[in-house]
Amino acid sequence: MLTVKIDGIEVKVEPGTTILEAAEKAGVYIPIMCHHKNLNPFGACRVCLVEVKGSPKLMTACTTPVTDNMEVITNSEKLKRIRKTLIELLLINHPLDCPVCDKGGECLLQDLTYEFGITKVRFDEKPNNSPVDHTNPFIERDIDRCVLCGKCVRICDEIVNVEAISFINRGVETYIGTAFDQPWNCEYCGQCMSVCPVGSLNNRVYLFKNRPWHLEHTESICGYCSCGCTVIIDHENNEVYRIKEDVYKGVNKGLLCAKGRFGYELINSTQRPVTAKVKDGNEFKDVDFDGALNTIYEKLSAVISKYGNDSVAFVISPRLTNEEAFLAQKFAREVVKTNNIYSLETINALPDGTYNDVESSNALIVFNIDVTESNPVLGYSVRVAGRREESNLYVFYPNYTPLKRVATEFYVYKPSELYNEFELFLKALDGENNKYSEAADNFKNDDKPVFVFNPYNPKDVEIAKKVLDKVSNVKLVPAKAKNNSQGIVDMGCFNGMNPGLVETDKGVELREGIEADKIKALIVLGENLAVRSEYFDILNLLNDLELFVVTDPFFSETAELSNVYIPVATFAEKDGSFTNFEGRVQSLHKAVDKGVKTDKDVIVELAKKFGTTLPYETDKIREMIEVENPLYIGVDWNGGIVSYPYKVKIDGDVKFEIKGSGKYELYPAYLRLHSGSYTRRSYDLSKVYGEPIIEINPEDAKELNVKDNDYLTIKIGNDSYKYRVKVDKKILQGAISLPKDFKETAPLFYEGSYLKVDLIKHI
C-alpha cells in the first residue's frame, strides 16, 4: 500500500491509484470535466490540475498515479486562478443560452462557472452558430455547446464499441462528428448523451418538456429485457419525463439501451385505457373495477360449478413482479384449485453466469443469439471481455453482429449449416483435430469459460448441455427475454411446477386444453398471445371460451378477443421485484400512478370475492414467498442471487428442423428497439422500427431487383406474407432475417423458427 497526503489528509491506497481516486478516498473534492469513472483517464480539460510537492509542474489528477509519500495540494489560490482561466477559455465559443438549454441545472460547465465565480469572461466571445443536428432520432447534437471533453467519443469506443462519432479535424477546427458528416446512424443507446457534461448532446424525447429541478427521481428496475438494469425514473405529476442511469448504482454500471432509455413514452401513452371493459354481445362496455371483478367472479363460479376446477386456466406474463406472480399461482392453485397454470417461459435453462463472470472471462462463446440486440447491456459485458487483448471471443451466428469488431473469430453460417459446424467444435473439444481445434483448446483450457446462448430454442439448450458435459467449469448464460422471465418460473407459474421449481401435478397442456374444449375459462395476466407465434393458430378458439379475461396496460390484440379486459400498471407504476438472467433479485419502486390497478390488485380483490384473503403489502407477500419457495429462503430482495438446482435440463437429442423447400433460409432476427408487445407501443422507438422488416444480402437484393423500403413477398407452401425490405451486407447471401415478435410475423413463424422460403418482389 502507498501512503499519500491529500491536502494534509493521509490515506493509504493501492499502487496504480490516481491522485483523483486517492482524493475521493480522502474525501477531498477535485473539479473534473473530461473524467468519467467508466472510461480510461484522458486528461484533456486540465480542470483537475493539482500541485504536487517537489514537482515544478502541475499534474492532472485524473491521469497521474500516486507515489509513496506523495503530498498533493488540490486547493490553492494558484489553482483557483488557473481553473478559472480554463473555464473562461471554454466559454469563448460556448453560447450562453442556459435559459433555453435543456441541460440547464445539470450542466457541469454551468456548475463550474458558478463555483469559480465567473461573472464576466475576459476574452471575446466567438460563438460558432452552427446548425443543430437532428439526424439521430433520439439525440439532438449542438456542436456549439461542445467543450471537446471527448467523453461521448470515448464511451462510444471503449464501452459500446461502435465508434459512431469521433474527433473531426485538429486544433481550433476540431469538433465531434460523424465520418464525412454523414447522418448519425448508430445503435441509439444514448450512452454518449448520458456522459455529455454540457448541453451538446440532448435527449430529444425529453427535449423542452420539463426542467430538471421540477422532477422527482425514483430508483427502479427496467421493465424490458432480463438484464435487470437499475434506472432512475424522472417524473412530475404522475407523468414520466425521462429515464436515465446512475453510474454508481446497479448491475448495469450506468449503461442503458435504447429501449430502457427512450422507450418510456408508452407509460404516458394516451392509448392506454383507464377503465375496465366487459363484452356485451359484440360490443365492449366500460365498467368500473368492481363491476369487472363481479363479472369475472360470476362467470368463473359458473364455469367451475358446471365444468369443474380443471376447466379454468391461467397464463402469467413475465411483466408481472415476483410478488404478483406468486399471488397469481396461489390464487389459481388454492382458490380456483386448478393446476392449469402456464407461462411461455422455459425451465430448460436456469441462471448460472453473472455479469462479472462474463466480463472477467478470457474465453467466451456466444452461440446463435445476437446478444447485442436481445440483451444489450449483457452485450456490453461481452464486448468488454472481447476487447481485452488476452481474451478469446468466438461467435456463431447466421449474420454478422456488432460483436464482429471484438470477436477473435466470428463464424457466420446459414442456419442449416450452423449446428453442423458447432458439432465440429464440440468434437474439437473432445480432441479431434479440425479447423476449430485452436479455439476449442483456448476455450476448454481457460479458468473461467463462458457460454452465452438462447434458452428458448431446445436445440440450443442441448448444445449448451453438451458444452457443459465437455467443459465442466463453464459458466452458462441463458439470455432470457423479458424483465422477469426467470422470476415467474421461480414463483411457480409453470405447468407442473410449484414455487421454487418443486414438481407438482401437471395440468392439461394449454394448446390441448383449448383445442379439446377442456378449458372453458382462461385468465391471461399481462401476456399478449396474439404476437406469440406458438399460439397464433388457436386465437380464433378463444372466442369460444365461456370466460376469457385479459389484463394488460394496453387494449392489446389479445384483449380485443376477451370477455373482460382490465387495464393494469406498467413497471413504473408498482412496487415489487424482478429476477434477472443472473438469478439476481432486485426491487422496483412505484414512481407514478396512472389511475389503473395493478395485477396484484386484480388477484387480491378477486380472491376476496371467493372468500379468501391474500396479503397485499409487498413485505407480507415476500414473507410468504420465503416460507413457501425454497429457492428464496432468506433471499436479499435488493440484489441477492438465487442458487438454482441445475443449469440445463433437456432429454435426448433434439433435431434441428428447417421447414419448407424454398431458395432462401429464413431465421428470426433480434431488433434492439423492439422486444414484443410493449415496445411496439412506444412512438419514439417505432420511429426507427415501426414494422417488421426483411433484412437481405445486397447480391440477393440485386437479383430480386429490390432496394431499401421496397416490399418482398415471402412464400412458403401456399401461404404468402408481405414485408418491407432492408438491404444489409451483414446478411449472408441466400439467407434472410425477420423479427419474430410482431403480430404481422406471428402467422409466418408459426410454421417454424427456421424456414426455407421463396421471395417474390411485390409490385
Side-chain angles (χ1 to χ4, degrees), residues 273-280 284-317 319-343 488 491-493 499 507 513 519-527 542 545-553 555 558-559 561-569 573-576 593 595-618 620-621 623-625 628:
V274 294
T275 307
K277 301 176 187 293
V278 172
K279 190 173 278 183
D280 183 5
F284 279 102
K285 290 187 176 178
D286 288 351
V287 296
D288 61 21
F289 180 60
D290 201 51
L293 288 184
N294 283 334
T295 302
I296 297 170
Y297 170 71
E298 290 166 6
K299 291 193 174 186
L300 193 55
S301 300
V303 168
I304 293 171
S305 176
K306 188 174 180 180
Y307 302 104
N309 306 79
D310 287 338
S311 63
V312 183
F314 291 76
V315 177
I316 317 294
S317 161
R319 299 300 186 198
L320 271 64
T321 64
N322 286 324
E323 293 76 8
E324 290 174 326
F326 177 79
L327 291 182
Q329 64 83 32
K330 199 169 186 63
F331 175 75
R333 289 193 168 97
E334 297 182 9
V335 179
V336 178
K337 301 187 187 304
T338 178
N339 286 317
N340 297 333
I341 303 165
Y342 317 97
S343 66
I488 60 164
M491 294 301 140
C493 301
I519 294 174
K520 296 289 187 180
L522 180 63
I523 297 176
V524 176
L525 299 174
E527 190 61 79
L542 302 179
L545 294 170
E546 299 201 8
L547 174 64
F548 182 27
V549 179
V550 173
T551 70
D552 196 292
F555 194 56
T558 304
L561 304 173
S562 67
N563 308 117
V564 183
Y565 161 73
I566 299 178
V568 289
E573 301 156 63
K574 57 188 178 184
D575 297 317
D593 188 336
V596 296
K597 302 291 184 180
T598 64
D599 282 292
K600 182 172 68 176
D601 291 316
V602 174
I603 300 159
V604 171
E605 294 303 319
L606 190 56
K608 281 183 186 173
K609 302 282 182 189
F610 282 88
T612 299
T613 300
L614 293 175
Y616 185 82
E617 295 79 11
T618 300
K620 297 292 183 188
I621 303 170
E623 286 175 10
M624 191 176 279
I625 292 172
E628 299 185 23

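Below, all heavy atoms of this structure are taken into account, side chains as well, without hydrogens, waters or symmetry copies. Note that the coordinates shown come from a computational prediction; the quantities given were computed from them, not determined experimentally.
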**Message:** Test side chain to side chain contact (heavy atoms under 4.5 Å, CB included) on Val568 and Val596; report intermediate values, then the result.
**Reply:** CA-CA 5 Å; Val568 289; Val596 296; 5.6 Å; no

**Request:** Dump the intermediate steps for side chain to side chain contact (heavy atoms under 4.5 Å, CB included) on Leu606 and Val335, then the final yes or no.
**Result:** CA-CA 10 Å; Leu606 190 56; Val335 179; over 6 Å; no

**Asked** What do the steps show when you test Leu300 against Val549 for side chain to side chain contact (heavy atoms under 4.5 Å, CB included), and what is the final call?
**Response** CA-CA 10 Å; Leu300 193 55; Val549 179; over 6 Å; no

**Request:** Using the side chain to side chain contact (heavy atoms under 4.5 Å, CB included) rule, take Glu527 and Tyr342 through it: C-alpha gap first, then chi angles, then the decisive distance, then the call.
**Result:** CA-CA 11 Å; Glu527 190 61 79; Tyr342 317 97; over 6 Å; no

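The closest donor-acceptor contact from the side chain of Glu324 to the backbone of Thr321 lies under 3.5 Å. Between the Lys337 side chain and the Glu334 main chain, a donor and an acceptor come within less than 3.5 Å of each other. Side-chain atoms of Thr295 come within 3.5 Å of backbone atoms of Gly291 as a donor-acceptor pair (strictly under, hydrogens ignored). Between the side chain of Thr551 and the backbone N or O of Gly526 there is at least one donor-acceptor pair closer than 3.5 Å. Distance alone, capped at 3.5 Å, is enough to place a donor-acceptor pair between the Arg333 side chain and the Gly492 backbone. Side-chain atoms of Tyr565 come within 3.5 Å of backbone N or O of Asp552 as a donor-acceptor pair.
The side-chain contact (heavy atoms from CB on, under 4.5 Å) with Val564 is formed by just one residue from the set Leu293, Val287, Ile523, Leu547; it is Leu547.
For the pair Lys609 and Tyr297, the cation does not sit on the ring face, since its NZ or CZ is not both under 6.0 Å from the ring centre and inside 45° of the axis.
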Output a table of donor-acceptor pairs, distance under 3.5 Å, between side-chain atoms of residues 302-314 and any protein atom two or more places apart or on a different chain; print 'none' if there are none.
unit_1, atom_1, unit_2, atom_2, d
Tyr307, OH, Glu546, OE2, 2.4
Asn309, ND2, Val336, O, 2.7
Ser311, OG, Gly308, O, 2.6

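Note that CG of Leu522 is 10.0 Å distant from CG of Asn563, once rounded to the nearest 0.5 Å. Atom-to-atom distance recorded for Leu327:CG and Cys493:SG is 10.0 Å, nearest 0.5 angstrom. Distance check: Ile316 CD1 to Asp599 CG gives 8.5 Å after rounding to the nearest 0.5 Å. In this structure, CD1 in Ile488 is found 10.5 Å from CZ in Arg319, a value given to the nearest 0.5 Å. Distance OG1/Thr275 to CZ/Phe289: 12.5 Å, rounded to 0.5 Å. Interatomic distance, CG of Asp290 versus NZ of Lys608, reported as 10.0 Å (0.5 Å rounding).
Using a 4.5 Å cut-off on side-chain heavy atoms (C-beta onward), Lys600 and Thr618 make contact. Ile621 has its side chain within reach of Pro615: a pair of non-hydrogen atoms, C-beta onward, lies under 4.5 Å apart.
Between Pro499 and Phe326, the shortest heavy-atom contact is CG-CE1, 4.0 Å. Residues Gln329 and Met491 come closest through the heavy atom pair CG-O, 3.1 Å. A pairwise comparison of heavy atoms in Pro567 and Pro273 identifies CB-O, 3.2 Å as the closest pair. When all heavy atoms of Thr598 and Lys574 are compared, the pair lying nearest together is CG2-CB, 3.9 Å. Gly507 approaches Asn340 most closely through the heavy-atom pair CA-OD1, 3.1 Å. Counting all heavy atoms, side chain and backbone alike, Ala521 lies closest to Leu545 at N-CD2, 4.4 Å.
In summary, Lys597 and Glu605 do not engage in a salt bridge, as defined by a charged side-chain N under 4.0 Å from a carboxylate O.
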